[in-house]
Engineer: 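The structure's right below; bear with me while I get my questions together.
Throughout, protein chains are lettered first and strands after them, A, B, ... in sequence-line order, and every chain is numbered starting at 1.
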Amino acid sequence: MGIKKLESDFYLRTNVLQITSELIGKFLVTNIDGQLTSGMIIEAEAYNGVIDKASHAYGGKRTKRNEIIYADGGTSYVYLCYGIHHLFNVVTNKKDTPHAILIRGVVPVDGIDAILERRMQDTVSKKTASGPGTLSVALGINTSHSGLSLDDNQIWLEDRGIVFKKKDILTSPRIGVDYAGEDAKLPYRFRLNEDIIKDFYKK
DNA sequence: ATACCGATTAACT
DNA sequence: GTTAATCGGTATA
């Protein structure tokens, strides 16, 4: 057991689907604005680089915004969606192989007071950090954090020894990527069984 | 300079 | 189940 910060050997691997499944049960931790906050990852989606029509890097496209996806694994990629929502991604694989994982939901764990203040809520519920936009608000993440190394002391991931059974990690098509044609159907979304998630909110 | 649109959310019925 | 809100990024000229 114990707490182990994930290092580049974890992020530099080539199988983004494998890494995405392993992220369920890991902890996303931030130390932003003097507040230490964290959440356990319960949902994430894989974006498989230049061959994935749903990826910002499809076809090898490079723009000022998506340039970060081409960085080495272990880098934070945060971008603005619908003009309002800051979506946090983990870049994986080696430099110039633009794999990324969108973190879509966490269960709040550390710094609950700060999280509730940021979300302007009184109590923790499933709504506090269960979407890609809301978890960024909860943990204080915004586009200014894009390009940061996850080895930095502002945003990082931890393994706290929690392991779920394979059957409790469900796969399904990704959300909001209908424009990606055939690739919209790929089972690249990973999430924890709802019954197990409920137990974490009871604690 | 201008036009289009999205890896979403919250508040509805 | 439906839908309005909202604006930076991107492409096109």
Engineer: Please determine, for the side chain of A/K61, which listed nucleotide (B/dA7, B/dA10, C/dT10) has the closest atom?
Structural biologist: C/dT10

Engineer: At less than 4.0 Å, is any side-chain N or O atom of A/R189 found next to OP1 or OP2 of B/dA7? Yes or no.
Structural biologist: no

Engineer: Rounded to the Å, how far apart are A/F88 CZ and B/dA7 C1'?
Structural biologist: 14 Å

Engineer: Using Watson-Crick pairs (N1 to N3, plus N6-O4 or O6-N4) and G-U wobble pairs, both distances under 3.5 Å, which stems of at least 3 pairs involve DNA chain B?
Structural biologist: B:1-6 with C:7-12, B:8-12 with C:1-5

Engineer: If you draw a 6.0 Å radius around CD in A/E117, do more than 12 non-hydrogen atoms from other residues or ligands fall strictly inside?
Structural biologist: no

Engineer: Nearest-Å distance, CD1 (A/I68) to P (C/dG9)?
Structural biologist: 13 Å

Engineer: Just to be sure I understand the rule, does A/L80 reach a base, reach only the sugar-phosphate, or reach nothing, if contact means heavy atoms closer than 4.0 Å?
Structural biologist: sugar-phosphate

Engineer: Between A/R191 and A/R104 (side chain of the first, backbone of the second, donor and acceptor by atom type, cut-off under 3.5 Å), is there such a pair?
Structural biologist: no

Engineer: More than 12 heavy atoms of other residues, nucleotides or ligands under 6.0 Å from CG of A/D122: yes or no?
Structural biologist: no

Engineer: Which of the following nucleotides, B/dA7, B/dT8, C/dT6, is nearest to the side chain of A/N89?
Structural biologist: B/dA7

Engineer: Find the distance A/R174:CZ to B/dG6:P and express it as a whole number of Å.
Structural biologist: 15 Å

Engineer: Expressed in angstrom and rounded to an integer, what is the separation of A/R119 atom CZ from B/dT8 atom C1'?
Structural biologist: 12 Å

Engineer: Taking donor-acceptor contacts at under 3.5 Å, does the side chain of A/H85 reach the base of B/dA7?
Structural biologist: no

Engineer: Return the value, rounded to whole Å, for the distance between atom OH of A/Y82 and atom P of B/dA10.
Structural biologist: 14 Å

Engineer: Please state how far atom CG in A/N66 lies from atom C1' in C/dG8, giving the value in whole angstrom units.
Structural biologist: 14 Å

Engineer: Quick one: does any side-chain atom of A/D183 pair with a main-chain N or O of A/A54 as donor and acceptor, under 3.5 Å?
Structural biologist: no

Engineer: With the six-membered base ring of B/dG6 as reference, does the ring of A/Y179 sit under 5.5 Å away with planes under 30° apart?
Structural biologist: no

Engineer: Please say whether more than 12 non-hydrogen atoms of neighbouring residues, nucleotides or ligands are located less than 6.0 Å from NZ in A/K127.
Structural biologist: no

Engineer: Taking the cut-offs as 6.0 angstrom to the six-membered ring centre and 45 degrees off its axis, would you call A/R174 and A/Y188 a cation-pi pair?
Structural biologist: no

Engineer: Looking for any heavy atom pair under 4.0 Å, which part of the strands does A/T134 touch: base, sugar-phosphate only, or nothing?
Structural biologist: sugar-phosphate

Engineer: By the 4.0 Å heavy-atom rule, please label A/K53 as base, sugar-phosphate, or nothing.
Structural biologist: nothing

Engineer: Please classify the nucleic acid contact of A/L102 as base, sugar-phosphate, or nothing, using heavy-atom distances under 4.0 Å.
Structural biologist: base

Engineer: Is the shortest side-chain N/O distance from A/T63 to OP1 or OP2 of C/dG9 below 4.0 Å?
Structural biologist: no

Engineer: If I take atom CD1 in residue A/I69 and atom P in nucleotide C/dG9, what distance separates them, rounded to the nearest angstrom?
Structural biologist: 14 Å

Engineer: In whole angstrom, what separates A/D178's CG from B/dT8's P?
Structural biologist: 10 Å

Engineer: If you round to the nearest 0.5 Å, how far is OG1 of A/T123 from CD1 of A/I112?
Structural biologist: 11.0 Å

Engineer: Applying a 4.0 Å non-hydrogen cut-off, can you work out what A/R65 is touching in the nucleic acid: base, sugar-phosphate, or nothing?
Structural biologist: sugar-phosphate

Engineer: Here's one to test your reading of the geometry: is the NZ or CZ of A/R13 within 45 degrees of the ring axis of A/Y11 and under 6.0 Å from its centre?
Structural biologist: no

